[in-house]
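Please read the structure below before turning to the comments.
Every chain is numbered from 1 and lettered A, B, ... according to where its sequence line falls, protein lines coming before strand lines.
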Amino acid sequence: MSSIAHSAVRVSRPTSLAEALDQLADAAVRDAPLRPLAGGTDIMVEANHGGLRQRDFLDLSGLKAALGGFTWAHDGSLRIGAMCTYATLLADARSHAELPILMQAAGLVGATQIQARGTFAGNVENGSPAADAAPALLALDAVVHLQSSRGERTVPLEAYYTGYRSTARRADELISALTVPKQPGPTREQFFRKVGTRAFQAITKVGLSARITWLDDAIADTRIVATSMAATICRARHLENALRGLTTLDQATVAGLRRAQDADLRPLDDVRSTAAYRAEVFHRLVCQAIRETRPS
Amino acid sequence: MPDGNKLSSDHRVGRSIPRPDAKDKVTGALHYVDDLPFDGLYGATVRTQTARGRITGLRFRDGSEHGVDWREIAVVTAKDIPRISKLDGLDPNLVSLLIRDQPFLVRDEFRHVGEPVALLAHPDPEVLRRAVQLVEIRTEAATAQHDYRVPPTPDQVQHGEDGPDANVFKRILVSKGAADESAAAFREVFDNAAHVVAAVYETQAQEQCYIEPNGMIARVEVAPEDAEGAVWPRKPWKLIVEGSMQCPYYVHSAMTSLFQLPDKAVQIIQAATGGGFGGKEEFPSIIAGHAGLLALKTRRPVKLIYDRVEDMAASTKRHPSHTRVRAALDADGHLLAIDMDVTMDGGAYLTLSPVVLSRGAIHAIGPYRVDHVRVHNRVTLSNTPPHGAFRGFGAPQTVFAFERHLDRCARAVGLDPVELRRRNLIVRGDTLAISQRIDEPIELHKWMDEALTAARYEQRRQAHALFNTEAEISGNPLRRGVGVATFMHGAGFTGAGEDRLASEVMLRARVCANGEGGVEVCTANTEIGQGAITVFTQIAADALGLPLDAISIARPDTDQVPNSGPTVASRTSMVVGHLVARASDDLVRNLEVSGALSDDDLRSDPDDDRASALSDAHGRKYRTDRLRRALCTAATQESGPLEGWATYERPPGGQWDDVAYKGIAYGTFAWATYVADVEVDLTTFQTRIVDFVASQEIGRVLNPMLAEGQIQGGVVQAMGWALLEEQIYVDGQMRNPNMTNYVVPTFADVPDVRVLFQESPYAYGPWGAKGIGELPMDGPAPAILNAISSALGIDIDALPASPERLMRAVLNAQAQEIR
Ligand SMILES: Cc1cc2nc3c(=O)[nH]c(=O)nc-3n(C[C@H](O)[C@H](O)[C@H](O)COP(=O)(O)OP(=O)(O)OC[C@H]3O[C@@H](n4cnc5c(N)ncnc54)[C@H](O)[C@@H]3O)c2cc1C
């Protein structure tokens with residue numbers, strides 16, 4: 001029995017972006033914000049658990065023309081519309097060729113049914129520390145496009161999360177798109193591994209999304225993004241610093257990496273796993289990423 | 001009854017005939033209880049939130065802000081149930097099962113989180129959901145027992161007197177040889193053994209995870225003169241309950257006891273049921289009682305459906321277990337003696353725990369010859385929801401401990417685990433630990449070899465040893481291992497259990513839609529996804545020599561079908577199927593007696609199976625067209641349709657002694673060897689099952705596709721238990737009662753399970769069939785854990801072998817090496 005079926009839930013379904021933005025602005029002024037509804041795959045879970053905080057929705061399904069799909073720009077960046085589903089992008093060969101970790105992440109969200117409805121924007125906005133697509137986007141330096149009746153602004157994904165499940169989005173703003181810039185190096189430098197509770201339909205217990213840039217035999221630059229290791233998905237800055245200049249994985253460097261990681265990330269025990277497991281496995285994933293991204 | 005190894009091509013038995021119920025299930029046309037047309041009230045349950053205490057009061061908080069008006073909500077508490085039954089003088093509020101200790105509704109003392117305290121009914125389920133939140137249960141706390149393994153402190157005693165048996169629901173001792181003589185004689189066997197190997201094994205609870213959660217609809221029919229009756233009505237009235245269940249007659253007896261009604265005043269109907277696995281054996285009686293109480297109070301039909309969270313948090317699970325094993329072996333690896341201490345966690349009430357413990361005890365030492373045995377078993381109380389029936393019913397726990405232990409023994413002796421098993425498997429004429437002599441023609445060694453060959457056990461073992469050595473050197477994080485379990489499972493109720501059930505089956509002549517004669521098979525055994533409808537159809541069709549579409553299976557409805565016992569214990573095909581075949585013979589005999597069939601109707605060509613009834617104990621075969629005509633006449637006769645009956649008769653052989661725990665526990669066993677091949681990734685400590693062979697001797701494969709599905713389903717369920725599934729309790733409260741965090745495997749988590757059958761027909765099963773429902777739950781966990789232990793070179797002795805557990809084991813082993 002879903003509680004949503006029996007209690008007052010109001011849904012408006014604008015047919016143009018302008019209309020949607022006006023409704024958002026109106027509601028925000030009245031201090032009764034509308035909640036955007038994309039694929040609904042996060043929202044329905046909340047509803048089913050009886051925990052819907054807000055009951056006024058802005059259904060985006062009428063805006064597929066304006067917000068759906070994706071485009072590759074001349075500069076080689078990928079623009080993912082807010083209503084673009086995982087399934088849509090998973091059908092794109094160029095995304096697989098250039099952004100393999102985003103495709104790996106997308107292919108591991110839920111399973112086929114969820115991938116047919118779920119959106120990248122919804123994943124980003126939902127702000128779960130266990131999200132799969134958002135950390136891959138973060139490792140790829142993605143940018144969030146926010147639109148309101150006042151205009152558009154962009155926020156780097158890196159600065160988007162302000163705390164546990166809270167984002168930089170204002171009540172009158174809609175995510176219109178996410179853009180992923182052209183990647184500086186070869187795809188070999190991208191690394192993604194989700195450690196879930198099972199193979200599919202799994203919440204990530206610990207995950208690593210990374211981009212490791214090598215110059216000759218040393219690491220020049222990195223993005224090390226941790227999943228389920230903190231209140232939000234996040235970059236591990238001490239670890240990134242410790243990695244810069246690294247050439248080999250001897251015992252001392254490995255120990256140093258673990259110390260740096262512990263300065264960045266203090267995971268928790270919960271019903272899905274333990275802090276000890278998360279820390280140990282994240283560390284092992286980082287070592288695996290170094291081995292696998294190194295030029296041969 | 002035809003037996004022998006070969007079936008002619010005309011048989012429906014032995015073929016993968018499609019399930020008659022498949023189309024409606026696949027298209028969604030079938031109505032489960034929540035889909036039934038319904039005009040009535042919804043019910044909801046208010047439950048305790050702490051593990052133990054006394055209720056001092058209930059407060060119904062003002063709900064005006066939430067749209068809850070208490071004047072519109074019907075409320076039932078234990079106060080609505082009389083304290084003394086007019087029928088038997090007992091407290092009708094206590095569920096009638098083995099003993100009566102579990103209340104339908106808490107009167108004052110409670111023993112677990114989620115115990116039902118009050119029932120609410122209202123037309124709008126959303127209002128109800130909010131109303132439940134508004135009921136405040138005031139309690140006085142008492143000290144809960146959270147660890148079933150340790151003896152209770154005096155203030156934790158809730159069952160029995162303070163002392164060694166405090167909180168012990170049941171003890172069972174299996175003993176044999178020197179253990180029967182004296183403790184000293186038994187000790188001496190160990191003192192003189194070349195090897196003594198000891199270890200402790202643990203298994204966790206498991207949720208049945210049927211796809212359809214529990215649900216019931218109850219309504220009362222009240223005689224007109226009583227329509228304005230008191231709260232507790234005067235007779236005559238009738239209670240009708242329809243819902244998701246395995247055992248209509250269990251629910252029936254629970255309802256006659258709760259409502260103090262004669263048998264005829266209670267009607268229980270099974271609705272289409274989306275899986276049970278034991279979870280709908282005893283537990284549905286409580287929901288039926290709750291729905292009935294609300295229906296009685298409101299005089300309206302009441303529907304009580306659990307959502308997944310409530311179902312997982314409140315219903316029964318598999319018993320957790322803790323087992324200490326000590327084995328004495330000679331220098332060649334022959335088992336001389338086994339000393340075993342099994343403790344199972346019964347949860348807060350006794351429910352079916354003694355019977356679960358019994359099956360665990362009887363299966364503990366498996367198909368091995370051991371002359372001196374002592375298995376001490378007990379099931380104890382802890383303050384969680386009661387643990388109850390679940391596929392395997394105690395056997396998976398003890399089989400896990402014993403089969404893991406055999407691998408440890410093999411290492412101590414210096415033998416391959418398979419060789420150790422080979423040296424100890426029984427042969428025909430040997431006796432099991434319970435002193436049951438196995439006289440059927442078993443060939444366990446050969447059957448085990450067939451499994452090993454199919455699994456390429458030897459090649460894998462050698463390849464893995466090489467792979468692991470190289471991986472260690474090269475820094476490859478993968479480790480590989482192969483593991484085996486050899487075991488057995490007895491079908492049907494234990495010992496004299498089937499005699500006590502005295503199951504009855506009835507077949508009735510009927511007219512089919514096309515106007516021709518046919519039969520209706522009436523049993524209380526339920527289709528719960530396992531294929532009971534299909535198998536009964538095949539058996540009746542072959543027994544009578546009728547086409548499949550001449551057979552229909554009656555809906556289990558206690559007003560319509562005889563009590564053929566519960567749908568549990570792997571008994572439906574073997575025990576009840578046999579009765580279906582015998583009742584078919586009885587029907588033919590009655591047709592003869594009534595004159596509807598005569599010698600003129602006998603088939604003329606003795607080889608023409610096609611035109612004849614295949615059945616008949618008395619060697620007479622009739623032409624199908626004549627039989628159908630006779631059935632047609634017999635269906636429409638004035639005195640009502642002609643019937644054929646069969647009642648359970650115990651196969652010849654010995655008795656079971658329930659005190660000494662010796663004798664014929666089961667008429668027969670199914671025998672199996674399972675082989676698991678695994679790969680563990682030391683980066684994440686996740687285990688991938690690469691290959692799985694499940695090989696078993698099951699008497700006769702009645703329907704190959706269903707049998708294979710039954711084995712594969714059971715194996716996958718056991719794989720979940722072995723690797724993933726775990727209830728997380730904090731202070732007796734389950735913290736992960738949902739499919740997100742209680743993790744069962746998906747198809748992507750399991751390999752294609754390869755199933756092999758051997759057939760050595762059993763004389764008292766239909767066409768030789770033995771029960772197979774539970775068997776596949778027993779072997780996978782030890783086979784998989786043996787494989788993992790072999791891959792890691794570390795003994796993993798507790799379930800589940802989660803990545804977290806494997807990580808701790810690997811890091812501990814490394815730390816010890818450094819020290
Ligand atoms: C069975 C199941 C399995 C799942 N498995 C995974 C998994 O493996 N990995 C994973 O990461 N997630 C998983 N999820 C969660 C979910 O599917 C993803 O997060 C998905 O990407 C959410 O997208 P959506 O379009 O459905 O979002 P919605 O549910 O519609 O919205 C999610 C949030 O984003 C907001 N939002 C949506 N669109 C916009 C917009 N354009 N502008 C502003 N705000 C917006 C909504 O208001 C809401 O707060 C799973 C969910 C289910 C039900």
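A distance-only check finds no donor-acceptor pair linking the side chain of A:Arg272 to the backbone of B:Asn741 [under 3.5 Å].
With contacts defined as side-chain heavy-atom distances shorter than 4.5 Å, the pair A:Lys205/B:Pro803 qualifies. Using a 4.5 Å cut-off on side-chain heavy atoms (C-beta onward), A:Arg198 and B:Pro745 make no contact.
Crowding of B:Glu472 atom CD: a count of heavy atoms from other residues, nucleotides or ligands under 6.0 Å not exceeding 12. Atom CZ of B:Arg735 sits in a sparse spot, with 12 or fewer heavy atoms from other residues, nucleotides or ligands closer than 6.0 Å. Residue-environment remark: CD (B:Glu310) exceeds the threshold of 12 foreign heavy atoms within 6.0 Å. The environment of B:Arg61 atom CZ is dense: over 12 non-hydrogen atoms of other residues, nucleotides or ligands sit within 6.0 angstrom. In B:His146, the NE2 atom is crowded: over 12 heavy atoms of neighbouring residues, nucleotides or ligands sit closer than 6.0 Å. Within 6.0 Å of the CG atom in A:Asp250, the count of heavy atoms belonging to other residues, nucleotides or ligands exceeds 12. Counting heavy-atom neighbours within 6.0 Å of A:Arg294 CZ, excluding the residue itself, gives a total above 12. B:Phe747 CZ: 12 or fewer foreign heavy atoms inside a 6.0 Å radius.
Looking at A:Ala202, there are no atoms closer than 4.5 Å to chain B (heavy atoms on both sides), in backbone or side chain. Contact annotation for B:Leu723: neither backbone nor side-chain heavy atoms come within less than 4.5 Å of a heavy atom of chain A. Contacts of A:Arg193 with chain B are made by side-chain atoms alone, with heavy-atom separations under 4.5 Å and no backbone atom involved. Heavy atoms closer than 4.5 Å to chain A are found in both the backbone and the side chain of B:Val744.
Listed options A:Leu285, A:Ile203, A:Val281 were ranked by heavy-atom pairs under 4.5 angstrom with chain B; first place goes to A:Val281. For chain B, the option among A:Gln201, A:Arg291, A:Glu280 with the highest count of heavy-atom pairs below 4.5 Å is A:Glu280.
Here the OG1 atom belonging to A:Thr197 is positioned 12.5 Å from the CD atom belonging to B:Glu726, to the nearest 0.5 angstrom.
The two residues A:Gln288 and B:Thr683 have their closest heavy-atom pair at OE1-CG2, 3.7 Å. What you find for A:Tyr277 and B:Gln686 is that their closest heavy atoms are OH-CG, 4.5 Å.
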